[in-house]
Structures are given as C-alpha cells and as structure tokens.
Asks: 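Got a structure for you, written out below as structure tokens; questions coming shortly.
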Amino acid sequence: MTAVLLATCKELPSGDEEGESLSAALRRRGIEPRWQVWDDPATHWDALTVVRSTWDYAARRDQFLRWAASVPVLENPYPLIAWNSDKGYLADLSAQGVATVPTEFVPPGEQVRYPDAREWVVKPSVGAGSRGVGRFADRTAAGEHVRALHDAGRTAMVQPYLDDVDTVGETALIYLDGRFSHAVEKGPMLARHGVHAVEHADLFVAERITARAPTDAERALADEVVRALTSRVGTAPLYARIDLLPAPEGPVLVELEITEPSLFLLFDEDAADRFAAAIAARA
Ligand SMILES: Nc1ncnc2c1ncn2[C@@H]1O[C@H](COP(=O)(O)OP(=O)(O)O)[C@@H](O)[C@H]1O
Ligand SMILES: [Mg+2]
C-alpha cells in the first residue's frame with residue numbers, strides 16, 4: 001500500500017479534528033495515511049509528505065523551514081512554504097495587483113507609520129492562529145504592542161481595522177489542486193480591543209465557522225490569488241486557503257494560507273475526498 005505522510009505537531013499526534021476525515025478518504029483510495037510529528041527526530045520522511053497541522057512552528061520558523069527543506073517530497077513544496085510563512089508575501093501579491101488589506105510592515109528599529117483609520121490591527125509578520133494579533137482604538141496602545149513585538153525581535157504589521165468584518169465576517173475559500181473546492185465564513189476574531197488571548201494549548205484562538213457560498217467578487221479575487229501563485233512556481237498548489245475580509249471597495253486579501261491551514265474539510269461533504277484524490281494523484 002502506498003503511504004502518505006501527514007505532518008502534524010506533538011500536541012496533535014494524530015492530526016486535528018478534520019484529520020480523521022482525510023485519513024478515511026485516503027484509505028478509501030488505497031493510500032495508507034501516517035501522521036508524523038514534524039520535529040520528532042526519530043521520524044523518517046521517506047514518502048510524499050503533506051504539511052497539515054504543524055501549528056507550533058511560528059516561534060521557531062527557522063527550525064521549521066530547515067525541516068521543510070530537508071523533506072525529499074513535500075507538498076506544498078518548500079519554496080512556497082518559505083515564502084508563505086512570513087506575511088511579507090502580502091506586499092509581493094499587492095505589487096502583482098492583488099487587492100490586499102493595506103499594510104505597513106515595521107521591522108525592529110523602525111518608526112511606526114499608522115494608516116489613516118479609526119482603529120488599527122497590529123500583528124507579527126510571522127504568526128498563526130491569531131496569536132499576537134491585537135485590535136486598538138488608540139495609537140499609544142497600538143504602539144506598545146509594536147514595541148513588544150520588536151522587543152521579541154519580530155517585524156510588526158499595522159493595518160486599518162476593517163470593521164465590516166463585525167457584521168459580514170471573513171470568507172475563507174479553499175482550493176484543492178488549484179481548483180475552487182468550498183468556502184466558509186469565519187466570525188470576527190477581534191471582537192474586543194487589545195491583544196488576543198491565547199487558548200487551546202497555545203495553538204490557536206477558537207473560531208466560529210459556518211459553510212458559505214462566496215460572492216462573485218470573492219471568487220474572482222481568490223482565483224486571481226491562485227493564478228498569481230501558480231505563476232510563481234509553475235504548478236497549481238496542492239492546497240490553498242484564501243482568507244478575505246470585506247472592505248468598503250470590495251473584498252481584500254488578509255491572509256493566504258498555503259503552509260499549514262485548516263481546510264475546513266468537515267464543512268463540505270466531498271471536500272475530504274477531493275483532497276484525497278489530489279494527494280493520490282501526486283503520491
Ligand atoms: N485588518 C484587519 N481588520 C479586521 N480584522 C482583522 C484584521 N486583521 C486580522 N483580523 C482578524 O484577526 C484574525 C487573525 O488575523 P490573521 O491576519 O489571519 O493572522 P493569523 O495568521 O494569526 O491567522 C483574522 O481572521 C481576522 O478575523
Ligand atoms: Mg488567519
């Protein structure tokens with residue numbers, strides 16, 4: 001039986017809540033799924049490896065990237081992961097014409113430039129699971145969070161708080177093998193001011209998810225992101241999640257997840273099977 005290695009973290013040794021549906025769909029296609037912890041030195045990565053719930057890497061991105069570079073056959077491939085694990089990619093996509101949340105990147109040692117807004121979001125450029133993301137109504141508090149990130153050696157990102165998210169929510173569009181699969185709505189994550197509290201064994205902040213059909217404008221923007229991505233590496237990514245926020249002028253990209261996203265496989269009947277088929281085609 002062909003095996004496929006599914007990379008996870010030690011807190012979730014057999015994957016996250018959608019992991020079992022992926023395992024079952026792979027088995028139905030005659031593929032043996034094996035969950036392995038990415039930073040366990042005893043593991044071997046001697047088969048197609050798909051990055052899944054490796055959610056503990058943000059504080060040690062260098063180690064994670066060294067691991068990714070060392071895996072012989074990795075999906076998504078190392079160059080995509082290296083580029084995507086720092087939100088600096090938003091500036092690249094914006095330069096390619098993709099509508100993104102206006103963002104000021106502020107590395108340690110630089111002064112903060114605040115975009116024109118009533119409220120701001122400050123977050124680390126390397127981060128996941130909403131950890132270290134804060135919403136602020138005054139510049140003093142925002143500036144303190146920037147300083148805290150700088151003290152930890154991290155680049156801060158400053159964005160306007162796009163408050164339509166409070167009523168409309170965020171839309172996440174999932175693409176498998178470069179094709180649209182399904183979409184979900186995420187409720188606003190920053191309901192309160194201040195830096196987000198951390199829950200769930202430090203891995204992520206709880207999200208409120210429901211299935212949602214994307215609008216035409218959301219589909220068009222997400223398609224554009226996947227095209228931009230495909231032209232970067234020459235092949236369609238095995239998996240991609242495109243997170244969009246509502247802005248007055250239309251949807252904008254807040255995050256592109258091609259490293260270790262939840263793919264919300266449990267929110268669409270056929271999604272796990274579609275993902276398994278795409279994996280099987282590469283195994
Ligand atoms: N500029 C913004 N305006 C409104 N909400 C935001 C903004 N940036 C982030 N958020 C909220 O915070 C959450 C986490 O931010 P995100 O950029 O996705 O970082 P992470 O990589 O930690 O998921 C988003 O899902 C969204 O709900
Ligand atoms: Mg996010």
Side-chain angles (χ1 to χ4, degrees), residues 16 51 53-59 61 64 81 83-91 93-94 98-106 112 114-137 142 145-146 149 152 154-174 183-200 202-210 212 218 222 225 239-264:
D16 63 334
V51 182
S53 36
T54 57
W55 296 339
D56 58 356
Y57 78 82
R61 176 175 176 246
F64 181 69
I81 287 179
W83 175 71
N84 181 244
S85 54
D86 183 321
K87 289 192 175 69
Y89 66 76
L90 282 177
L93 289 173
S94 172
V98 172
T100 56
V101 179
T103 305
E104 292 287 347
F105 289 90
V106 192
V112 192
Y114 289 95
D116 191 24
R118 272 187 301 140
E119 294 182 64
W120 297 273
V121 171
V122 175
K123 59 180 114 174
S125 73
V126 177
S130 297
R131 276 165 300 159
V133 180
R135 169 182 174 183
F136 303 96
H145 189 40
V146 171
L149 291 171
R154 306 173 82 174
T155 291
M157 297 164 63
V158 183
Q159 302 176 330
Y161 182 75
L162 299 179
D163 55 10
D164 285 342
V165 72
D166 294 341
T167 47
V168 182
E170 177 176 338
T171 306
L173 295 92
I174 289 90
V184 300
E185 169 184 346
K186 284 205 251 177
M189 297 296 293
L190 309 176
R192 285 154 298 143
H193 290 135
V195 182
H196 233 70
V198 162
E199 303 156 40
H200 295 286
D202 276 358
L203 287 177
F204 58 91
V205 178
E207 298 174 330
R208 277 179 291 112
I209 307 291
T210 46
R212 157 185 278 188
E218 289 169 339
V225 173
Y239 56 87
R241 199 182 89 207
I242 290 122
D243 291 350
L244 306 179
L245 285 176
E249 66 278 14
V252 289
L253 179 69
V254 61
E255 192 177 17
L256 165 64
E257 299 238 27
I258 48 175
T259 303
E260 32 45 288
S262 287
L263 294 171
F264 302 121

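Counting convention: from 1, in listed order, for ligands and their atoms alike.
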Asks: At a 4.0 Å threshold, what atoms of ligand 1 neighbour a non-hydrogen atom of Gly127?
Replies: 21 (O)
Asks: Heavy-atom pairs closer than 4.0 Å: do any link ligand 1 to the side chain of Leu245, the backbone, both, or neither?
Replies: side chain
Asks: Where's the contact between Met189 and ligand 1, heavy-atom distance under 4.0 Å: side chain, backbone, both or neither?
Replies: both
Asks: Is the closest heavy-atom distance from Pro160 to ligand 1 below 4.0 Å?
Replies: yes
Asks: How far is atom 23 (O) of ligand 1 from its nearest protein heavy atom, and which residue and atom name does that atom have?
Replies: Glu255 OE1, 3.2 Å
Asks: Indicate whether the side chain of Thr54 and that of Glu260 have a donor and an acceptor atom separated by less than 3.5 Å.
Replies: no
Asks: Stepwise, does the ring pair (Phe, Tyr, Trp, His ring centres under 6.0 Å) test hold for Trp83 with Tyr89?
Replies: CA-CA 6 Å; Trp83 175 71; Tyr89 66 76; 5.5 Å; yes
Asks: Do any nitrogen or oxygen atoms of Lys123 come within less than 3.5 Å of a nitrogen or oxygen of ligand 1?
Replies: yes
Asks: Search all heavy atoms of Gly127 against all heavy atoms of Ala58 and return the closest pair with its distance.
Replies: CA-CB, 4.2 Å
Asks: Suppose we measure from atom 10 (N) of ligand 1 to each protein heavy atom; which comes out shortest, and what is that distance?
Replies: Leu190 CD1, 3.6 Å
Asks: Looking only at the side chains, is there a donor atom on one of Thr171 and Arg212 sitting less than 3.5 Å from an acceptor on the other?
Replies: yes
Asks: I want to know if ligand 1 touches Gln159 in the polar sense, i.e. an N/O pair below 3.5 angstrom.
Replies: yes
Asks: With heavy-atom distances below 4.0 Å as the criterion, list the atoms of ligand 1 near Glu170.
Replies: 24 (C), 25 (O), 26 (C), 27 (O)
Asks: Minimum heavy-atom separation for Ser262 to Trp55, with atom names?
Replies: OG-CZ2, 3.5 Å
Asks: Taking only protein atoms, how many N, O or S atoms are found under 2.8 Å from the Mg ion (ligand 2)?
Replies: 1
Asks: Which one holds for Lys87 and ligand 1: side chain close, backbone close, both close, or neither close, with close meaning a heavy atom under 4.0 Å?
Replies: side chain
